[in-house]
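A short write-up of the structure that comes next.
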Amino acid sequence: MKKLIVGLAAMALSSIAMAGPSWTYAELNYLTGYSQQANFGEDKLYGYDIRCSIEFFDIWHAALLYGNIDTSNNFLGDVDILGVRAGLHPAVTDSTDLYVEIGYTEYDLDDLSPSFTPSEIDLAVGVRSMLSEKVEVRAGITYAI
């Protein structure tokens, strides 16, 4: 009986230590980079995005994205980004999930005359893995049209 209790306790502790990635989260990102245009030269870009995701039925998730990129030094001005995603994430191992997502993203270019709102639909496939309790790695491929 003692061996059974010790074995169950060890299994419970090991699953807590290396649980799979959580698909319910919120994050805030600061974005910076450079843009190169033939007629306008190099431009430094600044921005942010807010992402949130919720998991349901153990293998499904849905996510929202809102962001803003300040490109005021070139012809685009401010770019607002709004996106929605839905996906499936079955577990491959205790600490790794495979994911497949479909998403829709819209870019609001208000500063252009006339105003322009391009959009895209994309399909993403990849893996998300917990290296430790607080460190995760995500790798994937996205095809957008």
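- Not counting sequence neighbours, the partners of R128 by the salt bridge (charged side-chain N to carboxylate O under 4.0 Å, His left out) test are E136.
- Other residues sharing a hydrophobic cluster with Y25 under the 4.5 Å side-chain heavy-atom criterion for ILVMFWY residues do not exist; the residue is a singleton.
- Ring pair H61/W23 is parallel by interplanar angle, where below 30° counts as parallel and above 60° as perpendicular.
- Remark: L28 CG is packed, more than 12 non-hydrogen atoms of other residues, nucleotides or ligands lying under 6.0 Å away.
- Within a 6.0 Å sphere centred on OH of Y143, other residues, nucleotides and ligands contribute 12 heavy atoms or fewer.
- Using a 4.5 Å heavy-atom cutoff, the side chains of V125 and I141 are not in contact.
- Scanning for side chain to side chain donor-acceptor pair (under 3.5 Å) contacts around N68 gives D80, with sequence neighbours left out.
- Considering only heavy atoms from C-beta on, Y99 stays 4.5 Å or farther from L88 through its side chain.
- Counting heavy atoms from C-beta outward, I50 and E27 have side chains that stay 4.5 Å or more apart.
- Using a 3.5 Å distance cut-off with no hydrogens or angles, the side chains of E101 and H89 do not pair a donor with an acceptor.
- The closest donor-acceptor contact from the side chain of T117 to the backbone of D108 lies at 3.5 Å or more, if one exists at all.
- A distance of 7.5 Å separates OG1 of T32 from CG of L45, quoted to the nearest 0.5 Å.
- The number of heavy atoms from other shown groups lying within 6.0 Å of CZ (F56) is above 12.
- Note that OG1 of T105 is 8.5 Å distant from CD1 of I81, once rounded to the nearest 0.5 Å.
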